[in-house]
Amino acid sequence: MPDYDPQTIETKWQKSWEEEKSFKVEADPAKPKYYLLEMFPYPSGRIHMGHVRNYTIGDALARFKWMQGFNVLHPIGWDSFGMPAENAAIQNKSHPNTWTLANIKTMTEQIKRLGLSYDWDREIATCEPKYYRWNQWCFLKFLERGLVYRKNSEVNWCESCNTVLANEQVIDGLCWRCDNEVITKLQEGWFFKITDYADRLLEGCKDLEAGWPEQVLTMQTNWIGKSYGAEVDFQIKDSNEAIKVFTTRPDTLYGATFMVLAPEHPLTLSLSRGTEQASAIDAFIKEVKSQDKIARTSEGGEKLGVFTGAYAVNPLNGETIPVWTANFVLMDYGTGAIMSVPAHDHRDFEFAKKYDLPIRIVILPPDGNTNADDLREAMTDPGPMTQSGEFDGLAGDEAKQKVCEHLQSKNIGKATVQFRLRDWGVSRQRYWGTPVPIIFCEQCGTVPVPYEDLPVKLPLDAQLGDKGQSPLKSLDSFINVPCPKCKAPAKRETDTLDTFICSSWYFDRFTSPDEENAPFSKDANRYWMAVDQYIGGIEHAILHLLYSRFFHHVFRDMGLVETREPFAHLLTQGMVIKDGAKMSKSKGNVVDPDHIIGRYGADTARLFILFAAPPTKQLEWSDQGVEGSFRFLKRVWRLFDETATILREAPGDLDTGGDLPKELKELRRHIHTAIKRVTEDIDKRMQFNTAIAAIMEFVNHLYAFREWWTSQKESSADGQALFKESVETLILLLSPFAPHIAEEMWEQMGHSQPTHHTPWPEYNEEFLKADEIEIVIQVNGKVRQKLSVPAGIDEDSLKAQSLEDPRIREWTDGKEIKKVIVVPRKLVNIVVK
RNA sequence: GCGAGGGUGGCGGAAUUGGUAGACGCCCAGGACUUAAAAUCCUGUGGGAGUAAUCCCGUGCGGGUUCGAUUCCCGCCCCUCGCACCA
């Protein structure tokens with residue numbers, strides 16, 4: 001009678017799965033497909049509990065889908081370009097490639113010890129030329145489509161990482177990777193025109209409502225930030241020039257009492273020339289430029305401004321209004337200039353009060369008071385226009401529309417939209433990434449590397465500078481190339497591409513990882529995409545998930561993919577925490593997955609992680625909880641092991657002809673209840689914790705049944721058969737969560753087909769019904785009695801029986817019975833007074 | 001400030017359509033087995049009163065709807081996350 005020995009069992013089955021290539025799949029139009037994907041890991045060194053949780057959730061689902069008969073694509077790969085490799089290499093005086101490959105090796109071993117159902121034949125690593133050549137291909141194709149451009153601009157710069165960051169990679173003014181403060185810097189670089197797709201990315205969110213968490217969609221929607229409004233031209237006094245502004249409140253145009261330009265706005269400087277404000281403007285521009293961009297753009301920052309010396313004309317009321325410049329107006333949103341309506345905008349109000357500028361109420365307040373002197377704060381609510389000439393009385397969208405029509409008819413403005421989204425800066429001044437496939441030629445200018453010359457290989461013999469400066473800039477063998485057009489000596493671009501490009505289409509590559517003539521095969525893509533279920537951390541809610549959607553939309557325009565969106569369903573798993581905090585080395589609360597697997601086995605680790613919390617919630621690590629899961633698996637093993645003989649001799653089928661004794665009927669009901677609960681918890685609710693709870697309850701019932709059964713003098717063949725059915729069901733229900741122990745028991749039961757190729761058990765509604773059910777009897781909504789009655793009892797008898805019950809009589813005697821509510825199969829509520 | 005999600009025993013969490021609040025597990029206590037321990041099994045376990053039967057209270061707080069509310073509505077408090085001078 002061997003004890004449960006996870007190490008032996010797990011080694012045995014992992015070896016078997018690997019040798020048999022148990023989870024290898026091919027596209028097969030005859031079978032329904034299911035593409036399950038976890039966000040592929042960065043090979044940082046060793047796996048942590050967050051990885052374990054991510055992959056365990058995915059694996060449970062994948063195995064379940066296999067058993068449901070789907071052709072399951074469940075791949076894994078490595079997001080293996082990026083800065084940590086460089087930093088580690090500098091520290092260890094090694095090479096990023098060496099470091100990365102060693103980490104992949106270590107982490108592969110660790111992942112394999114978890115018993116995950118991956119198709120390892122599809123493994124990819126983005127740092128391999130056969131992968132990143134297609135990043136370059138995408139770059140060139142996007143360039144052809146006008147979606148890539150180069151510009152000199154103020155960019156986010158991380159001093160510690162020595163590189164540019166995209167807007168999405170700046171979190172609270174800090175670098176997303178190293179938490180260092182981000183500064184702005186003028187830098188030339190490549191941009192992806194993601195703004196061209198702003199509207200479609202926004203609309204796509206609607207397609208995703210059924211499958212994505214609302215939170216993520218809200219974040220994406222806010223990030224794209226579409227605003228409806230109007231562009232309006234304000235004529236500059238005594239000049240032919242106009243200042244173009246964007247406003248979301250054209251209905252407040254009559255209240256525009258001054259204007260504000262961004263300090264960087266070209267008119268700020270030019271308007272002030274020749275006025276007595278010239279020197280003040282010069283000083284102000286200088287001051288704002290030295291001001292930290294983050295501080296400047298954060299709410300509550302002090303609003304500072306200076307009069308430019310110039311005036312403009314309000315196009316609707318003809319009033320002359322002063323033009324100011326101020327730090328809170330940004331050059332890169334809208335037109336870089338605003339009309340200020342202090343009565344109806346918080347910022348304008350604050351600014352007007354500070355610099356004593358006029359305020360005029362043009363939206364009627366609820367109390368009807370239009371005296372601006374009484375205004376304590378800006379009134380930003382919508383309302384009827386007032387003091388606005390012919391528009392008085394119009395309100396809301398109608399008012400805005402009418403004003404826009406008027407502007408348009410006079411050719412001084414029009415309805416328009418603005419987006420908060422900025423183009424995606426993809427140039428990185430670092431080494432360990434995809435080289436940008438561009439050559440600079442003095443004669444021909446910027447020349448794309450011809451497709452047939454791809455990949456532009458990243459030279460692996462380069463030595464990193466000790467501050468992370470890219471060695472490419474000084475590597476003559478890399479830089480010096482003939483111009484593809486004129487063959488004259490030219491120079492390669494030395495920037496590399498943002499690693500987020502690698503992860504923006506890897507899921508497409510998984511459909512045909514060995515494709516040599518394209519980033520992926522269209523046929524394979526058509527069969528496998530979209531990803532049916534994507535699983536990963538919420539930290540990618542904007543970054544990776546937005547970029548991937550952008551790529552997918554472009555691919556669709558290129559005719560490479562057919563689905564509208566790449567990820568049909570998204571699950572954002574919660575964090576793993578311990579002692580109330582995220583696991584981290586600095587806090588010393590890290591639990592090493594290897595340690596847990598070594599001590600209890602992968603099945604215990606998996607079971608605990610799935611049982612401790614629903615997948616989307618954060619999970620508090622508990623060593624005692626792990627003990628509990630281990631104890632449960634031992635309990636399952638014992639149940640199986642101690643009855644192995646009985647199970648082996650059991651007849652295959654139940655002799656259903658005879659009426660079963662009560663205990664057997666009960667057992668059968670427990671089997672089918674367990675199947676129903678586990679199936680629905682996985683499939684409909686994705687709530688593994690309750691699925692496992694249902695299995696635990698089932699096991700408790702099996703123990704109770706076994707005790708009753710072994711106490712019987714004679715054991716019936718039906719009992720034996722049903723017990724066998726119970727244990728086999730248990731094994732199958734358990735197998736997505738704890739696959740090794742399940743597989744071992746399954747084999748010992750005499751099955752040659754592995755569990756993941758065995759159909760998922762089905763329940764029979766008929767067997768879910770009990771003969772006797774418990775009905776709760778309430779008096780005035782309080783539970784006073786519980787009755788066991790036949791399941792088929794009719795309402796009237798139930799009602800009568802309830803009213804006659806002695807204990808209920810104690811509450812109802814001498815009182816007037818106002819009403820009796822009967823909820824079939826559940827309760828009776830007697831209302832008395 | 002705006003948006004989203006939360007608040008249930010000592011702890012993690014259940015309650016799926018308005019119908020027995022606390023499933024399942026952890027912790028803890030008691031018992032069985034054992035020379036003993038470990039392992040295992042059994043019992044108990046929201047709070048209060050009571051020998052007990054049983055009763056009262058109880059899902060952040062205050063109200064409401066309802067025969068009945070963790071669930072729906074109104075107001076408030078607190079926590080987490082995201083956005084945040086975006087005109």
Side-chain angles (χ1 to χ4, degrees), chain A residues 3 171-172 213-223 225 227 229 245-249 252 260 262 296-303 326-330 332-341 345-348 350-351 380 418-422 538-539 541-542 575 607-608 611-614 616-629 631-632 634-635 638 677 680-681 684-685 687 689-700 703 707 774-786 807 810 818-832:
Chain A
D3 283 342
I171 316 290
D172 289 333
E214 192 184 334
Q215 190 194 2
V216 176
L217 290 175
T218 307
M219 283 165 72
Q220 293 219 347
T221 306
N222 291 344
W223 187 262
S227 305
V245 303
F246 173 73
T247 177
T248 53
R249 294 294 304 272
T252 64
V260 187
R296 182 182 154 194
T297 55
S298 71
E299 190 178 340
E302 197 187 0
K303 291 178 182 48
N327 60 350
F328 71 95
V329 176
L330 311 172
D332 60 357
Y333 182 78
T335 60
I338 61 166
M339 64 172 203
S340 278
V341 185
D345 181 281
H346 290 300
R347 294 153 300 176
D348 297 346
E350 190 188 327
F351 195 75
T380 55
Q418 276 293 331
F419 291 95
R420 217 189 70 110
L421 185 69
R422 297 283 174 280
I538 186 81
E539 66 274 17
I542 293 174
M575 270 192 314
L607 197 73
F608 166 72
F611 179 60
T616 54
K617 280 201 173 183
Q618 71 175 18
L619 183 152
E620 169 77 38
W621 186 266
S622 155
D623 291 332
Q624 282 148 344
V626 178
E627 286 279 355
S629 294
R631 210 148 43 217
F632 171 71
K634 283 194 284 186
R635 192 168 151 82
R638 254 193 331 272
R677 285 176 61 189
E680 292 183 352
D681 280 347
K684 291 190 184 159
R685 310 203 302 153
Q687 204 155 297
N689 54 333
T690 46
I692 293 167
I695 297 175
M696 287 173 168
E697 280 182 72
F698 185 39
V699 170
N700 292 343
Y703 265 84
E707 195 170 331
E774 193 181 64
I775 299 284
V776 168
I777 318 296
Q778 300 181 331
V779 178
N780 287 345
K782 281 186 192 265
V783 180
R784 297 301 180 189
Q785 178 64 301
K786 288 171 186 177
R807 204 184 285 164
E810 283 178 34
K818 309 267 292 184
K819 207 196 261 189
V820 180
I821 289 133
V822 181
V823 181
R825 304 183 65 86
K826 285 221 168 91
L827 62 71
V828 176
N829 188 12
I830 301 161
V831 187
V832 299

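- For the pair Glu627(A) CD and C28(B) P, the computed distance is 12 Å after rounding to whole Å.
- Following rounding to the nearest Å, Gln624(A) (CD) and G10(B) (P) show an atom-to-atom distance of 17 Å.
- You'll find the side chain of Phe351(A) stays beyond 4.5 Å of the side chain of Asp345(A), heavy atoms only.
- Across all strands, Lys782(A) comes closer than 4.0 Å only to sugar-phosphate atoms, never to a base (heavy-atom distances).
- Contacts of Arg825(A) with the nucleic acid, taken as non-hydrogen atoms under 4.0 Å apart, are absent.
- For Met696(A), counting side-chain heavy atoms from C-beta on, the closest listed nucleotide (C67(B), C81(B), C24(B)) is C24(B).
- At the heavy-atom level, Val831(A) lies under 4.0 Å from the strands shown only through sugar-phosphate atoms.
- Among the protein residues, Lys634(A) comes within range of the sugar-phosphate backbone only, with heavy atoms under 4.0 Å from sugar or phosphate atoms but none that close to a base.
- The side chain of Arg685(A) lies closest to U16(B) when the candidates are U16(B), C24(B), C86(B).
- Within the shown strands, nothing qualifies as a pairing partner of C86(B) under the Watson-Crick or G-U definition with both distances less than 3.5 Å.
- At whole-Å resolution of the value, CH2 in Trp223(A) and P in C81(B) are 18 Å apart.
- Under the Watson-Crick or G-U wobble criterion, with both distances below 3.5 Å, G9(B) is left unpaired in every strand shown.
- Distance CD1/Ile830(A) to CZ/Arg784(A): 11.5 Å, rounded to 0.5 Å.
- Heavy-atom minimum distance, Gly781(A) versus Asn829(A): N-OD1, 3.0 Å.
- On the C1' atoms, G60(B) is 27 Å away from C67(B), given to the nearest whole Å.
- Separating the C1' atom of C81(B) from that of C73(B) is a span of 26 Å, rounded to the nearest Å.
- Of the candidates C42(B), G3(B), G12(B), C42(B) carries the atom nearest the Arg635(A) side chain, counting heavy atoms from C-beta on.
- Residue Thr690(A) is the one, among Thr690(A) and Gly625(A), whose nearest nucleotide of RNA chain B lies closer to the 5' end (criterion: closest heavy atom).
- Listed nucleotides: A87(B), A14(B), A4(B). Nearest to the side chain of Glu214(A): A4(B).
- Rounded to whole Å, the separation between the P atoms of C76(B) and C2(B) comes to 11 Å.
- A straight line from CD1 of Ile692(A) to P of A23(B) spans 18 Å, rounded to a whole angstrom.
- In this structure, CZ of Arg347(A) is placed 4 Å from P of C86(B), rounded to the nearest angstrom.
- Taking CD of Gln687(A) as the start and CG of Asp681(A) as the end, the distance is 6.5 Å to the nearest 0.5 Å.
- G50(B) and A39(B) have their P atoms separated by 37 Å, with the value rounded to a whole Å.
- Look at CD on Glu539(A): it is 16 Å from C1' on U80(B), rounded to the nearest Å.
- When rounded to the nearest whole Å, the span between CG of Leu827(A) and P of U17(B) equals 18 Å.
- How far NZ of Lys617(A) is from CE of Met575(A): 14.0 Å, rounded to the nearest 0.5 Å.
- Regarding contacts with the backbone of C26(B), a side-chain N or O of Arg631(A) is found under 4.0 angstrom from either OP1 or OP2.
- The listed nucleotides are C24(B), C86(B), A4(B); the one nearest the side chain of Ala693(A) is C24(B).
- With both ends at atom P, the span from U70(B) to A32(B) equals 42 Å, rounded to whole Å.
- At a threshold of 4.0 angstrom between heavy atoms, the contacts of Gln418(A) with the nucleic acid are absent.
- Atom CG of Leu607(A) is separated from atom CE of Met696(A) by 5.5 Å, given to the nearest 0.5 angstrom.
- You'll find that the side chain of Arg420(A) is closest to A84(B), out of A84(B), C24(B), A87(B).
- Here the side chain of Thr218(A) is nearest to one of G3(B), C27(B), G12(B), namely G3(B).
- Pairing for A29(B) goes to U43(B), judged as Watson-Crick or G-U wobble with the two contacts each under 3.5 Å.
- Close to A23(B), at under 4.0 Å from its OP1 or OP2, lies no side-chain N or O of Gln687(A).
- Closest contact between the side chain of Lys786(A) and the listed nucleotides G25(B), A4(B), U20(B) involves U20(B).
- The C1' atoms of G46(B) and A37(B) are separated by 34 Å, rounded to the nearest whole Å.
- At a threshold of 4.0 angstrom between heavy atoms, the contacts of Val329(A) include nucleobase atoms, whether or not backbone atoms are also involved.
- Across all strands, Asn829(A) comes closer than 4.0 Å to base atoms (heavy-atom distances).
- Across the interface with RNA chain B, nearest-nucleotide mapping of Met219(A) and Ile821(A) shows Ile821(A) to be the residue nearer the 5′ end.
- Within the 4.5 Å cutoff, no side-chain heavy atoms of Arg420(A) are placed close to those of Asn222(A).
- Between the Arg685(A) side chain and the Thr690(A) main chain, no donor and acceptor come within less than 3.5 Å of each other.
- U43(B) and C26(B): their P atoms are spaced 14 Å apart (whole Å).
- Expressed to the nearest 0.5 Å, how far CZ of Arg249(A) lies from OG1 of Thr380(A) amounts to 7.5 Å.
- The residue Ser622(A) sits apart from the nucleic acid: no heavy atom pair falls under 4.0 Å.
- At a threshold of 4.0 angstrom between heavy atoms, the contacts of Asn700(A) are confined to the sugar-phosphate backbone, with no base atom among them.
- Residue Ser227(A) is classed as a sugar-phosphate contact, given heavy-atom separations below 4.0 Å to backbone atoms only.
- Here G62(B) is in the anti range [glycosidic angle more than 90° from 0].
- Rounded to whole angstrom, the span from the CD atom of Gln618(A) across to the C1' atom of C79(B) amounts to 11 Å.
- Pairing for G50(B) is absent, with no Watson-Crick or G-U wobble pair whose two atom distances lie under 3.5 Å.
- Residue Arg677(A) is out of contact with every strand shown, counting any heavy-atom pair closer than 4.0 Å.
- Closest contact between the side chain of Val783(A) and the listed nucleotides A23(B), C27(B), U20(B) involves U20(B).
- The same atom, P, is picked in G47(B) and in A15(B); the two are 23 Å apart, to the nearest Å.
- Distances were taken from every side-chain heavy atom of Pro614(A) (C-beta onward) to each of C24(B), A4(B), G13(B); the shortest belongs to G13(B).
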